[in-house]
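First comes the structure, then the notes that go with it.
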2 protein chains.
Amino acid sequence: MILKGCNRFQMIGLEAVAKLAQVSSATASRALSRPDKVALETRTRVLQAAEELGYQPNHLASGLRKGKSRTIGVIISDILNPGQAMLAKGIQDAAAKSDYTVFLFNSDEESDKERRALESLRGHMPQGLIVVPTPGAKTNLKLVPNLPTIELDRASGLKNAHTVMVDNIGGTTTAINHLIGLGHKRIAMIVGDFAISTAVERHQGYREALEHAGIPYREDLVLAGHHREDGGRTAAHKLLSKPLKQRPTALFVGNNEMTIGAVLATRALGLSIPEDISIVGFDDSRWAMTLHPALSVVSQPAYDLGYLACETLLGLLERHKPPNASSVRLATNFISRESTAPPRKT
Amino acid sequence: MILKGCNRFQMIGLEAVAKLAQVSSATASRALSRPDKVALETRTRVLQAAEELGYQPNHLASGLRKGKSRTIGVIISDILNPGQAMLAKGIQDAAAKSDYTVFLFNSDEESDKERRALESLRGHMPQGLIVVPTPGAKTNLKLVPNLPTIELDRASGLKNAHTVMVDNIGGTTTAINHLIGLGHKRIAMIVGDFAISTAVERHQGYREALEHAGIPYREDLVLAGHHREDGGRTAAHKLLSKPLKQRPTALFVGNNEMTIGAVLATRALGLSIPEDISIVGFDDSRWAMTLHPALSVVSQPAYDLGYLACETLLGLLERHKPPNASSVRLATNFISRESTAPPRKT
DNA sequence: GTGAAAGCGCTAACAA
DNA sequence: TTGTTAGCGCTTTCAC
């Protein structure tokens, strides 16, 4: 035990500050965290001492004492997905503004990883949680009862949950209406996993828009792509291999990854966008913009979504009694680029 | 103080486990964290009690006591950059494997944000740090002396630093040699900020490759793009607006963001890739693949880089005396796609 | 192999 | 307004 403190890189404690300022450590603590409870003169002395010594509070100690830690847990589904990364950034920025620190995890859409993340998190005593729930979240979240939680981007289905999401139905109907407006009748959709609320809602939006326009819903034009590029490719391939008369003239794809697959499948089949097939994706990204032709998309305010989720959570933490379940919906924005055009005359 | 424990969502402590197992809390602690110091029979009893109560250790308490917390800090430059996101993912996965938890921060390449991140981090007593250093890191890192640190992707310039980077020089010379091999003579480069080591190294690789081939280095063919899309666009515009005889026939761009700008500038000028200009970027990404024509790039093993950095750090933490500064370089991989071709005959 | 007791750094009663 | 004191939950001496 020669180098006892070698692992502690922060050794100037409140005690030291208190001594230098010639007060008790209790006063020093108060001076730093509840200024109004201390004489101005004492306060300045303490602050100066703290400054001089380069004092940094030990959050582990104060967290232990207070049962709070100025940290929040964040579980997103996949940091590599630009939309999710944007969510994370919005959260980070909002958290930093209020001096909260973020524990970040990826679930990779796996319920199991989500559970493990929650287990890790638990011991660190975060004060709140923001989660993009996997299908298993309804069960997993029981691991952290009483932990104020915001569900982001989609809903786990848990009652009394606070959610921050986009208007998936509205976003989708806008996109579909755009296609209908261009004259499309055979509009296909590649949907995600119905265990995820966004997939359900986008599908619903698609259906509603068609019905509203008096276009019958056809099951054979709706294929599942399971949220992955591969799934999107396979589904698109199947849809676009139909005989010309049955082949859809427009394709709406329910998420980012699947859209890439769909575009690649289209290219592979030698079809051109938008002449042979109009395509609209959900969620904007760099590649959607730089793609040739540039992709029309329903874009989500991902940064704002993350930022708002975090602000909502921190709001919850301030008030002692969390209000009842809240549900926020942000509007999407349809961006018309080059991947949509009227169907080819037959 | 009616709902005393309402903020503590984890209330089953070691004490409770100990009582159920009919041992002292000291023994319970030992049973869980140093099994060999406890009789097998006692151990199983404790484990069972812990299981039964759903005991979860409080990392705040153990961290406080031990001066360690099973957390590491990670500061990347920008989570929205796919390469950086990939680094983060590699780190996360490696950390999770060893049951470490990650505090993630973005510096956005701003020295100031980096400093603030370090300040936040400090109080949480992370056991180590992985940082993609900003130009101010040399100063900022003094905030956390004694904190085992790995510099990732680039070097701060600090002596005795542990670094995990790619072979920027080798990667660049391969790319330039490829262009030279195609017959290019006027090869331009858009460089990054020389305050960042990768920019310096890539520039050096460019220079060396040219010299090695006997092509004179021309300052007017090297422009700074400051790492941003905008900078890339401006620089490319300037380079490609030269009279045909002086205009470069190939362009090597020093990073991701700038490459987008360069490609967009090229399109805006009505030049076609690769007929009018061959372009090679540094760092692969989804948009580079889906771009039309698909972009030839020097790709980096970003996931491995992150994973390795984290493993290196955790290795450092296990051994008590960290070894001397280490420096790891991973190889890059040149991916030839459609954006490079022989120069047009004049 | 086990228990009693001290204490990590901080904050919240309670007194003064 | 300030100091004294008693822990937060855990680990680690030091005895036994």
Side-chain angles (χ1 to χ4, degrees), chain A residues 1 4-46 49-50 53-70 122-125 127, chain B residues 1-2 4-47 49-50 53-70 122-125 127:
Chain A
M1 197 43 80
K4 194 195 172 198
C6 72
N7 264 326
R8 320 204 157 167
F9 62 93
Q10 189 230 287
M11 305 177 223
I12 3 86
L14 211 41
E15 202 87 22
V17 175
K19 199 189 292 177
L20 180 60
Q22 312 194 60
V23 292
S24 73
S25 61
T27 304
S29 171
R30 278 188 291 250
L32 292 162
S33 40
R34 36 233 345 247
D36 48 314
K37 294 280 182 191
V38 133
L40 180 63
E41 195 243 338
T42 323
R43 179 167 141 68
T44 48
R45 221 166 58 237
V46 172
L53 293 160
Y55 170 75
Q56 284 299 124
N58 182 331
H59 291 133
L60 260 47
S62 74
L64 176 59
R65 178 64 235 246
K66 295 195 290 192
K68 318 184 160 190
S69 57
R70 275 200 114 59
R122 213 158 41 157
H124 292 288
M125 303 245 148
Q127 284 180 253
Chain B
M1 197 43 82
I2 299 168
K4 198 198 170 195
C6 72
N7 264 326
R8 319 202 158 166
F9 62 93
Q10 190 230 285
M11 305 176 222
I12 4 85
L14 211 41
E15 203 86 23
V17 175
K19 199 189 290 178
L20 181 59
Q22 313 194 59
V23 292
S24 71
S25 61
T27 304
S29 170
R30 279 187 289 249
L32 292 162
S33 41
R34 28 217 10 225
D36 49 313
K37 294 281 185 191
V38 135
L40 179 62
E41 196 243 338
T42 323
R43 180 169 142 65
T44 47
R45 221 166 58 237
V46 172
L47 255 44
L53 293 162
Y55 169 76
Q56 283 298 126
N58 182 331
H59 290 132
L60 260 47
S62 73
L64 177 59
R65 178 64 234 249
K66 296 195 290 193
K68 318 184 160 188
S69 57
R70 275 199 114 61
R122 210 157 44 157
H124 292 288
M125 304 246 148
Q127 282 180 255

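So that the names make sense, note that chain A is the first sequence line, chain B the second, and so on, each numbered from 1. Since the structure is predicted, the reported quantities are computational estimates derived from the model, not experimental observations.
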### Query
Counting side-chain heavy atoms from CB outward, which of C/dC8, C/dA4, D/dT11 is closest to B/Ser24?
C/dA4
### Nearest-Å distance for atom pair CG/P, residues A/Leu64 and D/dA6
18 Å
### Query
Just checking B/Ser62: base, sugar-phosphate only, or nothing, at a heavy-atom cut-off of under 4.0 Å?
sugar-phosphate
### Query
Would you say C/dG9 has OP1 or OP2 under 4.0 Å from some side-chain N or O of A/Ser25?
no
### Query
In terms of side-chain heavy atoms of A/Leu14, which of C/dC10, D/dC10, C/dT2 is nearest?
C/dC10
### Task
Measure from the side chain of B/Arg65, starting at C-beta and using heavy atoms only, and say which of C/dT2, D/dT11, D/dC10 lies closest.
D/dT11
### Summary
Considering only heavy side-chain atoms of A/Lys66, the closest of C/dC8, D/dT1, C/dA12 is C/dA12
### Message
Any non-hydrogen side-chain atom of A/Lys68 less than 4.5 Å from a side-chain atom of A/Met125?
### Response
no
### Message
I want to check something: taking the side chain as every heavy atom from C-beta on, are B/Arg43 and B/Leu47 in contact at a cut-off of under 4.5 Å?
### Response
yes
### Message
Does a side-chain N or O of B/Thr27 approach OP1 or OP2 of C/dT2 to a distance below 4.0 Å, or not?
### Response
no
### Task
Could you state the atom-to-atom distance from CD of B/Gln22 to P of C/dT2 in whole Å?
13 Å
### Query
Has the side chain of A/Arg30 got a donor or acceptor atom sitting under 3.5 Å from an opposite partner on the base of D/dG3?
yes
## Note on the structure
When rounded to whole Å, the NZ to P distance for the pair B/Lys19 and D/dG9 reads 13 Å
### Message
Please report the distance, rounded to the nearest Å, between CD1 in A/Ile12 and P in C/dG9.
### Response
11 Å
### Message
Is it the case that the side chain of A/Gln127 and the backbone of A/Arg70 share a donor-acceptor pair, with hydrogens and angles ignored and the cut-off at 3.5 Å?
### Response
yes
### Message
Can you measure A/Tyr55 atom OH to C/dG9 atom P for me and round it to whole angstrom units?
### Response
10 Å
### Query
Just by modelled atom types, is the A/Val23 backbone N or O under 3.5 Å from a matching donor or acceptor in the A/Thr27 side chain?
no
### Query
Which comes earlier along DNA chain C counting from the 5' end, the contact point of B/Val38 or that of A/Ala26, where each point is its nearest nucleotide?
B/Val38
### Message
Rounded to whole Å, please give me the gap between CD in B/Glu15 and C1' in D/dT11.
### Response
13 Å
### Task
Grab the CG-P distance between A/Asn58 and D/dG9 for me, whole Å please.
17 Å
### Summary
Here the distance between atom P of D/dG9 and atom CG of B/Leu32, to the nearest Å, is 16 Å
### Message
Please determine whether a side-chain nitrogen of the Lys or Arg among B/Glu41 and B/Arg45 lies less than 4.0 Å from a carboxylate oxygen of the Asp or Glu.
### Response
yes
